[in-house]
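By convention here, the first residue in the shown sequence is residue 1. These numbers come from a predicted model, not from an experiment.
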Amino acid sequence: MHELGIVMNIAGTVLDVMKEQNLTTVQKIVLQVGELSSVIPSYLHECYPAAVDGTELADTVLEIEVIPGNARCKECGEVYNLLKQKRICPSCGVDNWDLVSGKEFNLKEIAAC
């Protein structure tokens with residue numbers, strides 16, 4: 001489970017931003033995680049308390065926005081969810097696409113008081 005290392009890295013980044021911006025508290029951290037990335041959102045939530053224990057982030061809330069794994073069909077241009085459609089375009093039935101979204105992993109927001 002590499003998610004513990006990821007949330008520890010995120011916590012370190014947020015603590016650095018707190019110092020740079022002279023912030024004393026942070027209410028919420030928002031991450032964007034693509035559903036096709038190698039990161040499992042539920043594992044991030046499970047690991048988060050351990051990663052922030054004993055830091056200024058101990059009382060923060062971790063919010064995760066899942067970015068859908070969408071593709072654009074190279075044949076007809078339809079945009080569709082790869083997982084829900086099992087990679088096959090629902091409009092023309094072809095498995096020939098370009099990835100549009102779903103591999104992202106972003107620190108979207110640090111909500112300070």
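- Under the side chain to side chain contact (heavy atoms under 4.5 Å, CB included) criterion, Ala111 pairs with Lys28, Glu109, not counting sequence neighbours.
- One finds the SG atom of Cys47 at 13.0 Å from the CD1 atom of Ile10 (value rounded to the nearest 0.5 Å).
- In Asp59, the CG atom is not crowded: 12 or fewer heavy atoms of neighbouring residues, nucleotides or ligands sit closer than 6.0 Å.
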- Item | Test log, rule side chain to side chain contact (heavy atoms under 4.5 Å, CB included), inputs Cys73 and Cys92 | CA-CA 9 Å; Cys73 179; Cys92 68; 3.5 Å; yes

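- Screening Leu82, Asn70, Ile88 against Trp97 for a side chain to side chain contact (heavy atoms under 4.5 Å, CB included) leaves a single residue, Leu82.
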- Derivation of the side chain to side chain contact (heavy atoms under 4.5 Å, CB included) call for Val52 and Leu62: CA-CA 10 Å; Val52 298; Leu62 177 64; over 6 Å; no

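- Tracing side-chain contacts under 4.5 Å through hydrophobic residues (I, L, V, M, F, W, Y), one never reaches Val79 starting from Val66; they form parts of separate clusters.
- Taking hydrophobic clusters as Ile, Leu, Val, Met, Phe, Trp and Tyr residues chained together by side-chain heavy-atom distances below 4.5 Å, Met18 shares a cluster with Ile29.
- Listed by first and then second residue, the side chain to side chain donor-acceptor pair (under 3.5 Å) pairs that reach into residues 80-89 are Glu35-Asn81, sequence neighbours excluded.
- Within the 3.5 Å criterion, the main-chain N or O of Ile40 finds a donor-acceptor partner in the side chain of Glu3.
- The minimum heavy-atom distance linking Glu75 with Asn96 is given by the pair OE2-ND2, 3.2 Å.
- Between Ala51 and Met8, the shortest heavy-atom contact is CB-CG, 3.7 Å.
- Here NZ of Lys74 is found 4.5 Å from CG of Asp98. Values are rounded to the nearest 0.5 Å.
- For Val33 against Pro41, the heavy-atom pair with the smallest separation is CG1-CG, 4.2 Å.
- Val61 and Leu23 fall into different hydrophobic clusters, where Ile, Leu, Val, Met, Phe, Trp and Tyr are joined by side-chain heavy atoms under 4.5 Å apart, directly or via other members.
- Put simply, Leu107 and Ile64 are part of the same group of oily side chains (I, L, V, M, F, W, Y) that touch within less than 4.5 Å, one to the next.
- In this structure the side chain of Ile110 never reaches within 4.5 angstrom of the side chain of Thr13, judged on heavy atoms.
- Linking Ile, Leu, Val, Met, Phe, Trp and Tyr whenever their side-chain heavy atoms come within less than 4.5 Å puts Leu31 and Leu15 in one cluster.
- Here the closest non-hydrogen pair linking Leu4 and Ala50 is CD1-CB, 4.4 Å.
- Nearest heavy atoms, Val100 versus Arg72: CG2-N, 3.6 Å.
- Across all their heavy atoms, Thr60 and Val26 have their closest contact at CG2-O, 2.8 Å.
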- Chi angles and distances behind the side chain to side chain contact (heavy atoms under 4.5 Å, CB included) call for Ile6, His2: CA-CA 6 Å; Ile6 291 170; His2 64 285; 3.2 Å; yes

